[in-house]
Amino acid sequence: AQKVTQTQTSISVMEKTTVTMDCVYETQDSSYFLFWYKQTASGEIVFLIRQDSYKKENATVGHYSLNFQKPKSSIGLIITATQIEDSAVYFCAMREGHSSSFSKLVFGQGTSLSVVP
Amino acid sequence: EAAVTQSPRNKVAVTGGKVTLSCNQTNNHNNMYWYRQDTGHGLRLIHYSYGAGSTEKGDIPDGYKASRPSQENFSLILELATPSQTSVYFCASAYWGGEQYFGPGTRLTVL
């Protein structure tokens, strides 16, 4: 069965620094997709970035990037030059299977990030 | 403009009453999902749909029904609401198995 684990419950960093949030996953499937979402204080859930298991290059979107270590079943989210507005809960999620098939999205428990001035 | 909208945003219902939560998406996505989010449980999948006319059970479907009358609309129905269904409900849409886009959520309180 698939499982996603985020061991960091909360992190606090200074503004303009870089932070890495950890996520490890378990899957029996050779093809899978990894996602990171952000939930703001207002409750809004926003898709941030995605990594397909067959891609060797780490995904990057704006000031978000991923550290995909397939042998370790790890997908870390890196936020560079953090801003106060990055304060939120970050969820890692995984979906097994091919892009045209359905399987459910399994979420980690989330990491609360606090960016302080 | 928001591509996934939910209504109502807040709802107070009485035990035993019927509640319908509505979701509309303008992404033209085929897949739609209903989740509930509770402290300590994260996001849990209730029902999902592949397209108009289809509904499938997720991980926690008991006490819920779903309806997908069109590509754009997906409803979650609580025929006999109970206090244990007090939660925040999120709708999401996706193109096949791609990233999901979430609505703003509905806070439901069952008294």
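Lettering of chains follows the sequences in order, A, B, ..., and the numbering in each one begins at 1. No hydrogens, no waters, no symmetry mates; every other heavy atom, side chains included, goes into these values. Worth saying up front: this structure is predicted, and the values here are computed from it rather than measured.
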Joint cluster assignment, [X] & [Y], ILVMFWY side-chain distance < 4.5 Å:
| X | Y | value |
| --- | --- | --- |
| A/Val89 | B/Tyr35 | yes |
| A/Val115 | A/Val19 | yes |
| A/Trp36 | A/Phe68 | yes |
| A/Val4 | A/Leu105 | no |
| A/Leu66 | A/Met21 | yes |

Handout entry: Output field: ring centroids B/Phe102/A/Tyr37 closer than 6.0 Å
Key = yes
Problem - Side chain / backbone / both / neither for B/Gln37 at chain A, heavy atoms under 4.5 Å - result: side chain
Exercise for the section: Could you look at B/Asn30 and say if it's the side chain, the backbone, both or neither that has a heavy atom under 4.5 Å from chain A? Expected result: neither
Fill in the blank from the handout: Honestly, the part of A/Gln39 sitting under 4.5 Å from a heavy atom of chain B is side chain
Handout entry: Rounded distance [0.5 Å steps], OH in B/Tyr48 versus NZ in A/Lys104
Key = 9.5 Å
Problem - Inter-residue atom distance B/Glu99.CD - A/Leu48.CG, 0.5 Å rounding - result: 11.0 Å
Exercise for the section: Verify the neighbour count for atom NZ of A/Lys70: are there more than 12 heavy atoms of other residues, nucleotides or ligands below 6.0 Å? Expected result: yes
Problem - B/Tyr101 and A/Ile45, any side-chain heavy atoms less than 4.5 Å apart - result: no
Practice task
Search all heavy atoms of A/Phe47 against all heavy atoms of B/Gln100 and return the closest pair with its distance.
Solution key: CB-O, 3.9 Å
